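Nothing fancy with the numbering, it's 1 onward along the sequence. Everything numeric in this text was worked out from a predicted model, so none of it was measured.
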Amino acid sequence: MKLISLSPRHLLRLYASLLLLTTLVSGQTPPSNPPTPPGSSGRSSGPATHTIRGKIFLPSGNLPEQRIRVVLELSTGGIAGETFSDSIGNFEFRNLPSNSYRITVPSDRRLYETTQEMVEVFGNISRTFMVHIYLKDINSGIEVKPKNKMISVAELQEVPKAAKKHYEKGLKLAKEGKSQEAVALFQQAIKLFPDYLLALNKLGEQYMALNQPAEAEAAFGRAIAVDSKFSVARINLGILLVNLKRFDEAIEHLEAANRLDESYPMAHLFLGLALMEKQPVDFDRAEREMNRALELGGQALAYVRLHLFNLNIRRQSYDKAAWQLETYLKEIPNAPNADSVRATLEKVKKLIAQNSEQVKKP
């Protein structure tokens, strides 16, 4: 692909405009602070929607060889959706509002029992939540988890009832945006059970919401000290460190999380962002990580293409940069920032055309 040379002034204008666009979509702090255009609020409109993506394992631990019915229910009752897995157990529910959901795989009355899994889905930005469903043998009721699946201590901890009660109340308050009250309840849960991994992780998340990075880092660090294989805490710590611009440390934790379980799209996205900002910059690897985030997250993470635009502008791959914007608009043509993206795309095309004409002149 032929690269077109843009002037440094044009390059800076394009990069600044898309830094603003990615901030509007993802809610992340950009590496610089370009001025907000007149009339812009600096915030995206509309509630975030999420994706639940999962995989089903048979009682033997093997993948199924046929499609399996999957039902998504609200924890309070009612059917939120229904689908069938593909022939190797993958399924997906998209465009979900924040809520508590129950995933149910009804029994086939031959090999496996009806199996259910709770999923807490919430957040101010669109996220993809991963879940594995391990079916229980209809005769023995025993579930067999595949040997190559890393099982964290968080899944096996026997939590005292009182601690769990505080944790669940904290979850409810966190979903309501009452972070300070949630912190108090998570702290009570941890006081009763100091190694409570889920509570330590949620405590860190609420400190992030309250813009208390030192406290958040300490909570995630405690969780990792209890169980170094607790990938979710490593991912959250990596995200925090990216926002603090401590890129080398962030890369260390995000790489470790991906070695444990590479199915979390946000781990790949923030690893890509860190690789794009660290010195020396690693554009090629950053691009691979962001593309992996897109592959895992699907349309819910379409805004990753705006980060890929920034990446290609910075390495002067202008045709690829324009393609990322075109694809973003095809995937979500009614996005809240669609008009701004279209305007930036037109600027890119115009500048590329102008430079092409200049190249043709003797």
ask   = Is there a path of hydrophobic side-chain contacts, each under 4.5 Å between heavy atoms of I, L, V, M, F, W or Y residues, that connects L173 with F122?
value = no

query = Considering residues at least two apart in sequence or located in another chain, which fulfil the ring pair (Phe, Tyr, Trp, His ring centres under 6.0 Å) criterion with H166?
reply = none

inquiry  = Same cluster or not: L96 versus V71, using hydrophobic residues (I, L, V, M, F, W, Y) connected whenever any side-chain heavy atoms lie under 4.5 Å apart?
reply    = no

ask   = Is the closest side-chain heavy-atom distance between E289 and N258 below 4.5 Å?
value = yes

ask   = Should V131 and F91 count as side-chain neighbours, where that means a heavy-atom distance under 4.5 Å?
value = yes

Backbone N/O of Y112 and side chain of D108: donor-acceptor pair under 3.5 Å = yes

message = Can you confirm whether N312 sits close enough to E287 that some side-chain heavy atom of one is under 4.5 Å from a side-chain heavy atom of the other?
response = yes

Name every donor-acceptor pair, under 3.5 Å, that has one atom in a side chain of residues 201-209 and the other anywhere in the protein, sequence neighbours excluded.
unit_1	atom_1	unit_2	atom_2	d
N201	OD1	N236	ND2	2.8
N201	ND2	E205	OE2	3.3
K202	NZ	E205	OE1	3.2
E205	OE2	N236	ND2	3.1
Q206	OE1	S179	OG	2.8
Y207	OH	Q187	NE2	2.8

message = Between F230 and L200, is there a side-chain heavy-atom distance shorter than 4.5 Å?
response = no

message = Do the side chains of E346 and R342 get close enough for a salt bridge, i.e. N-O under 4.0 angstrom?
response = no

query = Does a side chain donor of either H253 or R234 reach within less than 3.5 Å of an acceptor in the other side chain?
reply = yes

query = Which value, rounded to the nearest 0.5 Å, describes the distance between Y101 atom OH and F129 atom CZ?
reply = 10.0 Å

query = Can you check whether F309 reaches V348 side chain to side chain, under 4.5 Å on heavy atoms?
reply = yes

message = Can a donor-acceptor pair be found, under 3.5 Å and without considering hydrogens, that links the side chain of R67 to the backbone of S85?
response = yes

ask   = Stepwise, does the salt bridge (Lys or Arg N to Asp or Glu O under 4.0 Å) test hold for E176 with K172?
value = CA-CA 6 Å; E176 294 172 356; K172 184 175 183 295; 2.8 Å; yes

query = Are the charged groups of E295 and R292 less than 4.0 angstrom apart, N to O?
reply = yes

remark   = In short, Y134 meets T115 closest at the heavy-atom pair O-CG2, 3.7 Å

message = Any heavy-atom pair between the side chains of V159 and L198 that's under 4.5 Å?
response = no

key: Spatial distance of atom CG (N337) from atom OH (Y303) [nearest 0.5 Å]   = 12.0 Å

message = I'd like to know if the side chain of E113 pairs up with that of S107 as donor and acceptor (distance under 3.5 Å, no hydrogens or angles considered).
response = no

ask   = Just wondering, do R305 and W323 contact through their side chains at under 4.5 Å, heavy atoms?
value = yes

request  = Flag the pair V183 / L210 as yes when at least one side-chain heavy-atom distance between them is below 4.5 Å, and no otherwise.
outcome  = yes

